[in-house]
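Input: a single structure, listed below in structure tokens.
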Number of protein chains: 2
Amino acid sequence: MLEPTIGQGLRATGRRMTRTRKAVLALLERTHQPVSASEIFSQLQEADVAIDLVTVYRTVNVLKELGLVVQMDLHQENQSRYELKEGRKHHHHIRCQICGKIVDLLLCPLKKLTKLIEERTQFVVDDHTLEFSGFCPKCQ
Amino acid sequence: MLEPTIGQGLRATGRRMTRTRKAVLALLERTHQPVSASEIFSQLQEADVAIDLVTVYRTVNVLKELGLVVQMDLHQENQSRYELKEGRKHHHHIRCQICGKIVDLLLCPLKKLTKLIEERTQFVVDDHTLEFSGFCPKCQ
DNA sequence: TGTTATTTGCAATAGACTTGCAATAATGCT
DNA sequence: AGCATTATTGCAAGTCTATTGCAAATAACA
Ligand SMILES: [Mn+2]
Ligand SMILES: [Mn+2]
Ligand SMILES: [Zn+2]
Ligand SMILES: [Zn+2]
């Protein structure tokens, strides 16, 4: 239940904690796969929460600005997915090419590589994305 | 000049080597950054090659099916980019968050990790994407 | 409870990409 | 070279995700 802290974060930036933002946050909290805007929309509809798809988009964008949510664009998908950052550490994903199942990979092998890349390219590295894909146990 | 070989690959699948396909292939051959469909379109227009944007899309899709081109969806971009596979080995990219410059990273640190992931997740790993982002020398 | 600024829903819009279809052009055969 | 066949092209229209304008609704705070 991270709602009060987030409420403070919202107010600190002149924003408000609303019924729909609570609903989106609660859904993200109880969801263990990264979800798309349309999935958030339809899952809230099933839960009898009245919300417009536009509001879902605006909400995830606000949560992204506050640093509470990460947006990810997985390969072979045509829509972004969103995952709560709070309480979860940096990690990556693997996606099944058949059924689309997404599983967390609780690892990151890229710390060391970053320095090497900065030396080679003269870039300052700020972020990275890493995603595996293949066939899940059920789809093999 | 890989055109004749590709011509064979096309004919082997009941396809034809056309003026527009030659033009797209030639552009991909001489381009050293991954290019988007609209970039292919406008660059060919500047070179006085008459081609429709739709044809560019259809062409890169055919080349993808033939395994001659890789499609990549980089973070913070809203369009796919395409790169010729022929003669270039598996590698990854870093992208500047300011100017969008993309540089090849001629490395891949993920061979070993694949086995570990297969053991942990029971997936069969087939592919991966890796991308760094940051600030290029000019934009720092 | 009343005031004010933020947020919401609805409609319209933007932008990447795809699809239907008739006209065009590449291929293979004579 | 000429012809028949069939893939390919261009144009228009459509699809899908995501964004924007604006008036109505509502959260924040006294
Ligand atoms: Mn995750
Ligand atoms: Mn490259
Ligand atoms: Zn990582
Ligand atoms: Zn790799």
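Naming convention: chains lettered A, B, ... in sequence-line order (proteins, then strands); numbering from 1 in each chain. A quick note: this is a predicted structure, and the numbers were derived from the prediction, not measured.
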*Indicate yes or no: does B/Lys115 engage B/Glu119 in a salt bridge with an N to O separation below 4.0 Å.*
no

Could you tell me the separation between the [atom1] atom of [X] and the [atom2] atom of [N], rounded to a whole number of Å?
| X | N | atom1 | atom2 | value |
| --- | --- | --- | --- | --- |
| B/Phe41 | D/dC11 | CZ | C1' | 12 Å |
| B/Arg21 | D/dT8 | CZ | C1' | 6 Å |
| B/Lys22 | C/dT27 | NZ | C1' | 12 Å |
| B/Asp52 | C/dA23 | CG | P | 17 Å |
| A/Leu10 | C/dT8 | CG | C1' | 15 Å |

Euclidean distance, [Y] [atom2] relative to [X] [atom1], rounded to 0.5 Å:
| X | Y | atom1 | atom2 | result |
| --- | --- | --- | --- | --- |
| B/Thr18 | B/Leu10 | OG1 | CG | 8.0 Å |
| B/Asp127 | A/Arg95 | CG | CZ | 11.5 Å |
| B/Gln122 | A/Gln140 | CD | CD | 8.0 Å |

_Side-chain heavy atoms of B/Asp73 within contact of A/Asp73, under 4.5 Å_ = no

*Assign a letter to each nucleotide of nucleotides 18-28 of chain D from its 5' end: B, base within under 4.0 Å of a protein heavy atom; S, sugar-phosphate only; -, no contact.*
BBBB-----BS

_Pair A/His32-A/Glu83, side-chain donor/acceptor within less than 3.5 Å_ = no

